[in-house]
Undergrad: 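Structure below; questions to follow.
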2 protein chains.
Amino acid sequence: MAAAEQVPIPAIRRLSLYLRQLEAFQGAGRQTVSSRDLGHSLGVSDAQVRKDFGYFGQFGRPGVGYRVPELTERVRGILGTDKKTSVVLVGVGNLGRALIAYRGFAKRGFELVAALDDDPGKIGVRTPGPKPLVVRPVADIASVVRSHAVRVGLLAVPAPVAQQVAQLMVDSGIRGILNFAPVMLRLNGDVSVSSVDLAVHLEQLAFQVSACGA
Amino acid sequence: MAAAEQVPIPAIRRLSLYLRQLEAFQGAGRQTVSSRDLGHSLGVSDAQVRKDFGYFGQFGRPGVGYRVPELTERVRGILGTDKKTSVVLVGVGNLGRALIAYRGFAKRGFELVAALDDDPGKIGVRTPGPKPLVVRPVADIASVVRSHAVRVGLLAVPAPVAQQVAQLMVDSGIRGILNFAPVMLRLNGDVSVSSVDLAVHLEQLAFQVSACGA
DNA sequence: CTATGTGAACAGCTTCACAGCG
DNA sequence: CGCTGTGAAGCTGTTCACATAG
């Protein structure tokens, strides 16, 4: 059974990668795949692949491998990609607009249902993108979250206001935040936060490059 | 000494966070800080903070803490943030334009010296941003890298061409790639790759949220 | 008495290696 | 044979605890 198993966080991230690759295989009409092939195409060891699936049950057949359509469906079920997930965006600056226009979200079952900002010059503006949205004031967040049963939000506001806006999101019922502001969020309540800080990534790369060459 | 010490990769990421916080403290006129205070403001344990600095030498004074200005300078030196680092961008789509306009890079010592794309409709277009750039054809990359001594590049092209463009970057002399395309890059040569896949981040959040609530 | 620096204990994730099934 | 599933071993990074310095 899979119920209260202890799943390493990195395994969940890899599950997304497996799914992406499985969809590619399925699109190419492939029927089965071995842990070795799947792992090799993603730079992961075969043992790692089997372990990762092992956290959620038994999907493969010894001597054969994994059936691609079945495994794809099972992984979708685990990640919840089989259902549409509604998300909101707070902060319609440069990054926010790029997020609105990004097609990758819709491909993975995420639907952006609202774009919020408090800049008077932005409110009411119709944004381009897969699904046109009109920018609404941040104060509308509670009603948006309630009416669309939103659980996850994208936070792309300037650093100085990120903490305060994030708490508002949580208070409105959001349970997971993908944070692009370069600050550590301290939030009351049961929330998951995942931060993407572009400058930190760049600094790490720059360090590795110079450490390697030095 | 700090020479051939084995530094955990997560420690380098945290170093960026420490630096950000130290700059905030310095801006507030604070003279010293303890590992406990610095860590607490970032959600890191005090022991972790001391270990991390320990990989690079001894910076603090027992009974007092760390002197903020000195530590800031030392960390800048370690990360190379004290020198300007030139970077190039390949791929001027929605995300690429957001990256051009992003002010966070310049604040951390990174300078975008060129934006490259192969779409004829984009070449020659002047982009807005901190420093206006004219989009150039990707074929120019080798000369750009040579003339500006570029080591690090941002890759924001569509997934199907990412692999090929990445190898071109490496062949042109780039040593570190921040990859936004949702594919695993397999590159010949001594390169560091850091991938940011927004859909993967969202899927992980969605999983955590539903696993928690279920 | 406060706070650093660090070896030692610990935990979590990955790799290994092999039993067992097809 | 080939390949999965999985306990055991190994490794890497984090936490603990204390000697040491101010």
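Every chain is numbered from 1, with letters handed out A, B, ... down the list of sequences. All values reported here derive from a predicted model rather than from experimental measurement.
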Undergrad: How close or far is atom P of C:dT4 from atom CG of B:L71, stated in whole angstroms?
TA: 11 Å
Undergrad: Return the value, rounded to whole Å, for the distance between atom CZ of A:R36 and atom P of C:dT15.
TA: 15 Å
Undergrad: In whole angstrom, what separates A:R50's CZ from C:dG20's P?
TA: 16 Å
Undergrad: Can you check the B:D37 CG to C:dT2 P distance for me, whole Å?
TA: 14 Å
Undergrad: Near DNA chain C, counting only heavy atoms under 4.0 Å, which residues of residues 10-21 of chain A show up?
TA: A:P10, A:R14
Undergrad: When the distance from CG of B:D46 to P of C:dT6 is rounded to whole Å, what number comes out?
TA: 15 Å
Undergrad: Out of curiosity, B:I12 CD1 to A:Q208 CD, how far, rounded to the nearest 0.5 Å?
TA: 6.0 Å
Undergrad: Considering every strand and a 4.0 Å limit on heavy-atom distances, what is the contact class for A:F53: base, sugar-phosphate, or nothing?
TA: nothing
Undergrad: Remember a base hit wins even if backbone is also touched, and classify A:R61 as base, sugar-phosphate or nothing at under 4.0 Å, heavy atoms.
TA: sugar-phosphate
Undergrad: Sequence neighbours left out, what pairs pass side chain to side chain donor-acceptor pair (under 3.5 Å) with at least one residue falling in residues 156-171 of chain B?
TA: B:Q167-B:D171
Undergrad: Looking at the side chain of B:K51, which of C:dT4, C:dC21, C:dG7 is the nearest nucleotide?
TA: C:dG7
Undergrad: Distance check: side-chain N/O of B:S35 vs OP1/OP2 of C:dA3, anything under 4.0 Å?
TA: no
Undergrad: Measure CD/B:Q48 against C1'/C:dT6 and give the value in whole Å, please.
TA: 14 Å
Undergrad: Over how many whole Å does the gap from B:Q58 atom CD to C:dT4 atom C1' extend?
TA: 9 Å
Undergrad: Would you compute the distance between atom CD of A:Q26 and atom CZ of A:R67 and round it to the nearest 0.5 angstrom?
TA: 10.0 Å
Undergrad: Using chain A heavy atoms and a threshold of under 4.0 Å, write down where along DNA chain D the contacts begin and end, 5' to 3'.
TA: D:dG2 to D:dA8
Undergrad: A side-chain contact here means heavy atoms from C-beta on lying under 4.5 Å apart; do B:Q31 and B:P69 qualify?
TA: yes
Undergrad: How long is the straight-line distance from CZ of B:R14 back to CG of B:L38, given to the nearest 0.5 Å?
TA: 11.5 Å
Undergrad: What side chain to side chain donor-acceptor pair (under 3.5 Å) pairs are there with at least one residue in residues 76-95 of chain A, not counting sequence neighbours?
TA: A:E23-A:R76, A:E73-A:R76, A:N94-A:R97
Undergrad: Return yes if some donor-acceptor pair links the side-chain N/O of A:T127 with the main-chain N/O of A:L133 below 3.5 Å, else return no.
TA: yes
Undergrad: Which listed nucleotide (C:dT15, C:dC13, C:dT4) is nearest to the side chain of A:P8?
TA: C:dC13
Undergrad: Applying salt bridge (Lys or Arg N to Asp or Glu O under 4.0 Å) as the test, list every pair that has at least one member in residues 31-50 of chain B; sequence neighbours left out.
TA: B:R30-B:D37, B:D46-B:R50
Undergrad: If you assign each of A:P62 and A:D52 to its closest nucleotide in DNA chain C, which residue comes earlier from the 5' end?
TA: A:D52
Undergrad: Could you tell me the separation between the OH atom of B:Y55 and the P atom of C:dT6, rounded to a whole number of Å?
TA: 11 Å
Undergrad: Would you compute the distance between atom CG of A:L22 and atom CG of A:L15 and round it to the nearest 0.5 angstrom?
TA: 9.0 Å
Undergrad: Taking the nucleotide of DNA chain C with the nearest heavy atom to each, does B:G63 or B:Y66 sit closer to the 5' end?
TA: B:G63
Undergrad: Not counting sequence neighbours, list each pair that qualifies as a side chain to side chain donor-acceptor pair (under 3.5 Å) and has a residue in residues 179-188 of chain B.
TA: B:N179-B:S195
